[in-house]
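Just so we're clear, the structure is a prediction, and the values are computed from it rather than from any experiment. Throughout, a chain's letter reflects where its sequence line sits, starting with A, and its residues are numbered from 1. Values below: every heavy atom of this structure, side chains too, minus hydrogens, waters and symmetry copies.
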Amino acid sequence: MIALSDATPLPRTFFDRPVLEVAPDLLGRTLLRTTPEGQIAVRLTEVEAYDGPADPGSHAYRGRTARNSVMFGPPGHVYVYFTYGMWHCMNLVCGPEGRASAVLLRAGEIVEGAELARTRRLSARGDKELAKGPARLATALNVDRSLDGADVCASGDIPMRMLNGAPTPADQVRNGPRTGVAGEGGDGDVHPWRFWIADDPTVSPYRSHTPRRRRG
DNA sequence: CTAGTGATTCCCT
DNA sequence: GGGAATCACTAGC
């Protein structure tokens, strides 16, 4: 059991701020996942901000639907989506309520429960790959749509909570275009809202958006 | 290390 | 109908 540097829970006021403020502030902090099999803790190293219906890259861009409704709710809740037919990715909703902004958790370092995480990530070559990528992170933590809407700021025994951890000094925070979002990474760099910790080995490799050719 | 490609299903148009 | 906030695998440098 690795001692967490600061296991104080993050209060809802942490998330009830503009998403571009919250996203870099999440780097270095700890997500604690509790399951019947045990606990897994992840030190976040890479995130992306999505800022509501005005952001073309956001799932909220075309308004509220059954899938994204949690984004339109109060901050401090988890938005989980299913994509590419196989994978889940998790976000934390930010404030103010109704803006539909959220932070996608893209990568992290497993600092507790690596053995348990590995049972769900058998293809990972080493521990650094356990949560190197948003779907890998969700898989390692056993996160799926059943956790959509979960409140990470609730009291008592809850499946997921954010802990204070060790916030990253501003001079160690990097930012750039978001991964896999059309229009970013080229000339545009429209929204350089991907944030990561400089030189951290668990940050996922950057991939610009490439349109897929139709089968046939 | 990078680049290319198939997998697989849900959701919105 | 067709794209999707991705991954694992392969080939090649």
Side-chain angles (χ1 to χ4, degrees), chain A residues 19-20 22-24 26-27 31 42 44-72 77-94 99-108 110 117-149 174-186 188-196 199-216:
Chain A
V19 67
L20 291 180
V22 177
L26 278 168
L27 297 175
L31 172 62
V42 188
L44 299 180
T45 59
E46 180 188 355
V47 300
E48 277 176 6
Y50 289 85
D51 193 16
D55 176 1
S58 171
H59 285 177
Y61 183 51
R62 295 180 199 288
R64 184 175 191 149
T65 66
R67 174 174 76 155
N68 67 19
S69 65
V70 171
M71 293 184 79
F72 290 80
H77 290 247
V78 182
Y79 165 51
V80 181
Y81 66 87
F82 178 77
T83 191
Y84 288 104
M86 283 172 274
W87 310 110
H88 295 275
C89 297
M90 66 171 291
N91 302 252
L92 296 171
V93 176
C94 295
R99 188 179 175 95
S101 63
V103 178
L104 170 69
L105 308 186
R106 288 200 54 89
I110 307 287
R118 179 160 285 282
T119 65
R120 307 194 57 83
R121 291 276 303 118
L122 297 176
S123 64
R125 295 206 173 211
D127 283 2
K128 285 180 303 190
E129 285 190 3
L130 286 173
K132 190 176 189 169
R136 289 167 168 179
L137 186 149
T139 301
L141 297 183
N142 197 8
V143 167
D144 61 22
R145 283 280 284 171
S146 70
L147 281 160
D148 188 50
R174 299 288 180 271
N175 75 293
R178 295 178 296 187
T179 307
V181 175
E184 304 197 27
D189 200 15
V190 233
H191 294 312
W193 292 348
R194 173 179 175 247
F195 299 89
W196 67 95
D199 301 320
D200 191 289
T202 64
V203 172
S204 68
Y206 174 72
R207 303 209 189 295
S208 63
H209 176 78
T210 51
R212 301 189 58 79
R213 195 174 61 89
R214 290 196 314 150
R215 287 179 42 206

Item to check | Aro-ring/base stack W87(A)-dT6(C), d under 5.5 Å, angle under 30° | outcome: no
Checklist entry - Rounded to whole angstrom units, what separation is found between the CE atom of M86(A) and the C1' atom of dA5(C)? => result 15 Å
Checklist entry - H59(A) NE2 to dC12(B) C1': how many Å, rounded? => result 12 Å
Checklist entry - OP1 or OP2 of dA5(C) sitting under 4.0 Å from any side-chain N/O of T83(A)? => result no
Item to check | Geometric class of the W193(A)/H191(A) ring pair [parallel <30°, tilted 30-60°, perpendicular >60°] | outcome: parallel
Checklist entry - In this structure, are over 12 heavy atoms from other groups packed under 6.0 Å from R62(A) atom CZ? => result no
Checklist entry - Rounded to the Å, how far apart are L104(A) CG and dA4(C) C1'? => result 13 Å
Checklist outcome for this item: Taking for A182(A) and for G133(A) the nucleotide of DNA chain C with the nearest heavy atom, the one nearer the 5' end belongs to A182(A)
Checklist entry - With respect to the side chain of F82(A), which nucleotide from dC7(C), dC11(B), dT9(B) is positioned closest? => result dT9(B)
Item to check | side-chain N/O R121(A) vs dA8(C) OP1/OP2, d < 4.0 Å | outcome: yes
Checklist outcome for this item: Taken to the nearest whole Å, CG/N68(A) to C1'/dC10(B) is 14 Å
Next on the checklist: Between R207(A) and dA5(C), is there a contact of a side-chain N or O with OP1 or OP2 at under 4.0 Å?
Outcome noted: no
Checklist entry - Does R106(A) make a side-chain N or O approach to OP1 or OP2 of dT6(C) shorter than 4.0 Å? => result yes
Checklist outcome for this item: For F82(A), the ring-ring contact (aromatic ring centres under 6.0 Å, His included) test, sequence neighbours excluded, returns H88(A)
Next on the checklist: Once you apply a heavy-atom cut-off of 4.0 Å, does G180(A) come out as touching a base, just sugar-phosphate, or nothing?
Outcome noted: sugar-phosphate
Next on the checklist: Taking the basic N atoms (NZ, or NE/NH1/NH2) and the acidic carboxylate oxygens, is any pair closer than 4.0 Å for D51(A) and R99(A)?
Outcome noted: yes
Checklist entry - S204(A) and side-chain hydrogen bond (donor to acceptor under 3.5 Å, both in side chains): which partner among E46(A), E129(A), R136(A)? => result E46(A)
Checklist outcome for this item: Per atom distances to the R136(A) side chain, the nearest of dA5(C), dT6(C), dA8(C) is dA8(C)
Item to check | d(CZ, R120(A); C1', dC7(C)) in whole Å | outcome: 16 Å
Checklist entry - Within the pair T179(A) and dA5(C), is there a side-chain N or O less than 4.0 Å away from OP1 or OP2? => result no
Checklist entry - CZ of R121(A): more than 12 outside heavy atoms within 6.0 angstrom? => result yes
Checklist outcome for this item: When both distances are under 3.5 Å in a Watson-Crick or G-U wobble arrangement, the nucleotide paired with dT9(B) is dA4(C)
Checklist entry - Rounding to a whole Å, what distance do you find between E48(A):CD and dT6(C):C1'? => result 12 Å
Checklist entry - Whole Å only: how far is the CZ atom of R64(A) from the P atom of dC12(B)? => result 13 Å
Checklist entry - Between dA8(C), dA5(C), dC11(B), which one does the side chain of R145(A) approach most closely? => result dC11(B)
Checklist entry - Less than 3.5 Å between a donor and an acceptor, one on the side chain of Y84(A) and one on the base of dA7(B), is that the case here? => result no
Item to check | Value in whole Å for how far the P atom of dT6(C) lies from CG of N91(A) | outcome: 11 Å
